[in-house]
Each structure stands twice: as structure tokens, then as C-alpha cells.
Amino acid sequence: MAEADKQHIALDALKSFNAAVTTTKMYPPRFPQVTAAVEKAFLRITEYLDKYGPLSFSLVVDEPRLCGMPVSQKTLGKSPGEAVYQQLRLLQLDHVVLTEGFSEKIFKQLLVFFTTSPRLINKEGGGRAFVVNLGLNDLFPSEYTVEFQEEREDSFLLILQRFKAEGRLPETMGLLSAEIDSETVSGQKKISFLASQKKQPEKLVDLVIYSIAELLRGMSRKGEVAFPLEFSTTLRNINRFTNEEERIEFARRTADVCIQLVNDFAMRALLLQNYSRGFGVCLYEALLSGLGKRFDAVVELTREEEAAVLQENGAESARYKHVSAGVIRLLKTEKGKQFLVRDKARKLIEEGEKDRQMKRIQAGISSILRGDLHSLKSREIVNHLPATVESLIAKGKDKAAATIITNITSELVKGNKESHELLSETLSLIGDSLVNASKWDWLEKLAKPMMAWVKEAEDGTDVYENIVDILLK
């Protein structure tokens, strides 16, 4: 449901933007229709960005995509969205991606792009050159992939299916999770019936597990954890027919079955629930005690859930406050405190290694600039060269960038098989940076080593295709 809501709001943003484009084309700037359409479009886009993050319009094999999802003409309607996708199609640009930091200034420049005649744009060098001149190149990436939330295995749904297949469905499904009024005769009978089930502890455990699974099924994606009131009701009802000693033993039995049947992702939803006094606290402690080495992985998943809900719903939402409180409670336990100590130590080790790695990379790049090509055999260093060249060009340090490129091509021409694939891949990525920076004279110098590589390479690889594409430019 959350994903559907997200896509619906994205479609509203697309329709509003398309309306702003078509209205701006139809009427003079001073007309109120233009002002209203433009303001509405900016509002809808920023609302989406604030709530969900990047908003993208793409053409994949010439088919419209909205935030990575296919958009049919039937969904778009007769006109909404068509102006946007048609402009991209005519100017041979595949993606426009709007992200945080999207301002009115950027929005106005974006409108200029989508309302300018393709014929005029092509006279000025084409779509890519035009967006570069408008300062919008970062909004029009050559490649863009939307990462969708992975749907995990739903342990609670599997429990329900397993109980049904094994004939273990409780006779009184729903009894434990319903409010029971102990002041009525009917309520007293229900409590007496539940108390009688203590003679068959396995069946009573099944009833609790079934009740929990029924309440928590369907939370198979990040950001979807919910807090059904019936969960707390279930825990409180168990207090009605057990004493303290029975609750501890019953909680241990229930936790053992949960840990056996519930995976880490589902466990994160279970531990984030609200646990009332009595049986609730006993079950929570039994779950933590029984997780063993799985504890760290489950804590990480609860933190990821907190981050996802924060992004999806905001810090003031009831769901986020519930999740945040659950994470804090978890980290305040003895096992949680031990986790924080381990986590801090791990981060210090990682930061130290990252710092050492950056020093090695900086030293290697300095060596390459001095003419020592030994560092070109290190994948760790070579992998950073495309970003280094791009950064040097952006800072106006063309001489240093040219030195790195010259040394790479010199080493590549030598034909050393060990470094051949690594350097050709790097050269391909540097070629992309040169195209984006319009360094055509530099690309001309790269043509010879690139051609030499293509003649020897096996076609079909991504590197091969990218180098051929650069040569064709």
C-alpha cells in the first residue's frame, strides 16, 4: 500500500509538471494560468522529494518509466506526461532525475529545457549540450537505475500456512487477541477455557504463536512495520490465567518456537512491538536471550527499519515514534549495550582501514603523476583514477589530469596482459568524463589506444561496448 501511494503521488507530480510545460508553451508568461500551473508543479515535485526522495522520469527501450516503474498510456491519460517524455525522446536523453536541493532556480531552468523547441536545441548542439549550458547536466544522467525495496520471506505467513498444513490450527482462533471483559459471565468462561489449556502447554504455545503470526504477517518490506493493538491485548490476556512462575516458563517455550520459525527480518518486527508487563516482559527477555549470535543482525535490521520509516513517514509520525522507541528499548538492554560496544569498535577499525586506504591511494596517484607507473598495477588505486581525473578537470587542473591519462595510455599500449583489462575499463570510464566535459581534443588523443584495445578485445563486454560508443562520438 505504501508503494502504491508513493507511485500515485509521483504520478500527480508528473501530471502537474507536464501541465506547467504545456501551459507555458500555450500562454504568455504574464498570464495567470502560467503562474498557477508553474507554482502547482513546483509544489507537487517538492512535496514528493521531501517525502520519498528522488523523482525520476525515464525512457527505457523508448518506454516511459516513472521512478523506475512502467507507465502505460492508459495510466498517463490523453496528455499528462506526454510533453515530458516526448522532449526526452526527441533530444535522445533517457533520464531526468530530481533530488534533494531542488530549488526554484533549478525548476525554472528545467522548464526552459522542456519548453524550448527541439529544433532550436539541436541547432545549439543537441540535448546534452543544451542541458550542460543550462547547468542541468547532473539532472540528466546517461544511466540511472531505481532500487526497489526487496520483499523478504514472510515468516509469519509461512507459520500460518504450516499450521494449516499440519492440522495445528487452534480451535479458538482469535480468542486470545480479543478484548475479554472479566466482569461478565461470558468473559469469565473465556478466561476459564484459556486456563484449562495449560494442561496441554504445546497447544497453548501454538495458540500464542498463531495469534502473533496472524497479527504480524504482511510486513515483508522495510518501512512496513505496524503496531496492531491486538498484540498488546494478546499479551495482557495471558496474564489473566497464569501466575509469575508459569509466565516465565510459558514465555521461554513460546520464544523457543518463535526463534526456530521466525527469520531475522520478521524478528525485527516482533521485537519492535509493545510489550506489556507480566508475560509481555517475560517473552521479550526470552526472545533476546534465545537469539544468541543472531542478535546483532536483528538489531541492524531494526535500525534500518527506523531509517526507512523516518524517510517514508517523517520524525513526527506515530509509526516512527513507535519504531524509534523500540530501537532505544532494545539498545538499553544488557545485550544492546554490548552490541553498541562491538559496533563502536568495528567502526573504529573500519575508519582506520579507510584512512589507511586513502593514504595508499593518494600516494599511488602522486607516484603516477611523477611518472612512476608501478601503481597502475594496483586495482585499488586504478579504480579511483576516473573520479580523480573528473575532479581534476572540474578544478581546472587539466595538466595533472592529462598526465594521468597519458601514463594510463602508455602502460596500456605496452600490452601487459595483467593490467590490460583493468586499465581499459578505467580508460572507458575516463572517456565518459571527457565526453561530459566536452574535452574533444583529449578524446582524439585517446582514440589510438582505444582502437588498439578494441581490435584485440572480445566483443560483447560492457567495457567494449562503452569504448566503441565513445569512439563513435
Side-chain angles (χ1 to χ4, degrees), residues 2-25 34-60 62-72 75-77 79-116 118 121 126-149 223 307-308 310-314 394 432 436:
E3 198 65 34
D5 290 343
K6 176 180 176 182
Q7 202 66 6
H8 179 74
I9 295 172
L11 186 59
D12 279 347
L14 169 61
K15 289 180 177 180
S16 297
F17 182 57
N18 190 85
V21 171
T22 54
T23 305
T24 302
K25 286 180 177 180
V34 175
T35 303
V38 168
E39 288 179 352
K40 182 180 179 181
F42 182 70
L43 179 63
R44 290 287 180 269
I45 290 171
T46 51
E47 281 178 347
Y48 181 92
L49 296 177
D50 290 344
K51 190 170 185 180
Y52 298 112
L55 174 66
S56 63
F57 314 131
S58 303
L59 289 170
V60 178
D62 204 41
E63 293 297 321
R65 297 285 179 97
L66 175 60
C67 298
M69 296 289 288
V71 188
S72 66
T75 301
L76 287 173
S79 61
E82 185 56 34
V84 173
Y85 291 111
Q86 184 65 3
Q87 188 80 337
L88 291 175
R89 190 176 287 116
L90 291 173
L91 296 173
Q92 298 183 331
L93 294 171
D94 293 328
H95 310 278
V96 54
V97 184
L98 313 181
T99 59
E100 61 177 338
F102 187 74
S103 63
E104 284 192 56
K105 180 180 178 182
I106 295 173
F107 178 66
K108 289 177 180 177
Q109 291 293 82
L110 196 63
L111 269 178
V112 170
F113 171 81
F114 280 101
T115 55
T116 302
I121 291 174
R128 178 59 62 186
F130 193 61
V131 297
V132 169
N133 291 336
L134 289 173
L136 300 178
N137 196 43
D138 289 345
L139 271 62
F140 290 81
S142 300
E143 296 181 2
Y144 182 71
T145 303
V146 178
E147 292 185 9
F148 294 101
Q149 287 286 359
L310 176 61
Q311 181 177 350
E312 190 85 8
N313 301 97
D432 282 336
N436 291 334

**OP:** Using side chain to side chain contact (heavy atoms under 4.5 Å, CB included) as the criterion, list what pairs up with Gln92, not counting sequence neighbours.
**Re:**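 For Gln92 there are no side chain to side chain contact (heavy atoms under 4.5 Å, CB included) partners, ignoring immediate neighbours.
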
With a 4.5 Å cut-off on side-chain heavy atoms, are [Y] and [X] touching?
X	Y	result
Arg65	Pro70	yes
Arg128	Leu91	no
Leu88	Phe140	yes
Pro54	Tyr144	yes
Val96	Leu110	yes
Thr99	Leu139	no
Phe17	Leu111	yes
Val112	Leu136	no

Starting at [atom1] of [X], measure out to [atom2] of [Y] and round the result to the nearest 0.5 Å.
X	Y	atom1	atom2	answer
Tyr48	Cys67	OH	SG	3.5 Å
Asp50	Ile45	CG	CD1	12.0 Å
Gln109	Ile106	CD	CD1	9.0 Å
Leu134	Ile121	CG	CD1	8.0 Å
Glu104	Glu39	CD	CD	8.0 Å
Phe114	Thr24	CZ	OG1	12.5 Å

Subject >> Lys108, NZ atom: more than 12 neighbouring heavy atoms under 6.0 Å >> reply: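 Check fails, neighbour count at 12 or below.
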
Can you give me the closest heavy-atom contact between [X] and [Y], atom names plus distance?
X	Y	value
Ala37	Ala20	O-CB, 3.7 Å
Val84	Asn18	N-OD1, 3.4 Å
Pro118	Leu90	CG-CD1, 3.8 Å

Expected output: side-chain [X] to main-chain [Y] donor-acceptor under 3.5 Å:
X	Y	result
Thr46	Leu43	yes
Ser16	Ala13	no
Asn133	Ala129	yes
Gln87	Thr116	yes

Subject >> side chain to side chain contact (heavy atoms under 4.5 Å, CB included) between Leu14 and Tyr85, intermediate numbers included >> reply: CA-CA 10 Å; Leu14 169 61; Tyr85 291 111; 3.9 Å; yes

**OP:** Evaluate the ring planes of Phe42 and Phe107, with Trp represented by its six-membered ring, and classify them as parallel (under 30°), tilted (30 to 60°) or perpendicular (over 60°).
**Re:** tilted

Subject >> Audit row: Ser58, Asp94, side chain to side chain contact (heavy atoms under 4.5 Å, CB included) steps and yes/no >> reply: CA-CA 5 Å; Ser58 303; Asp94 293 328; over 6 Å; no

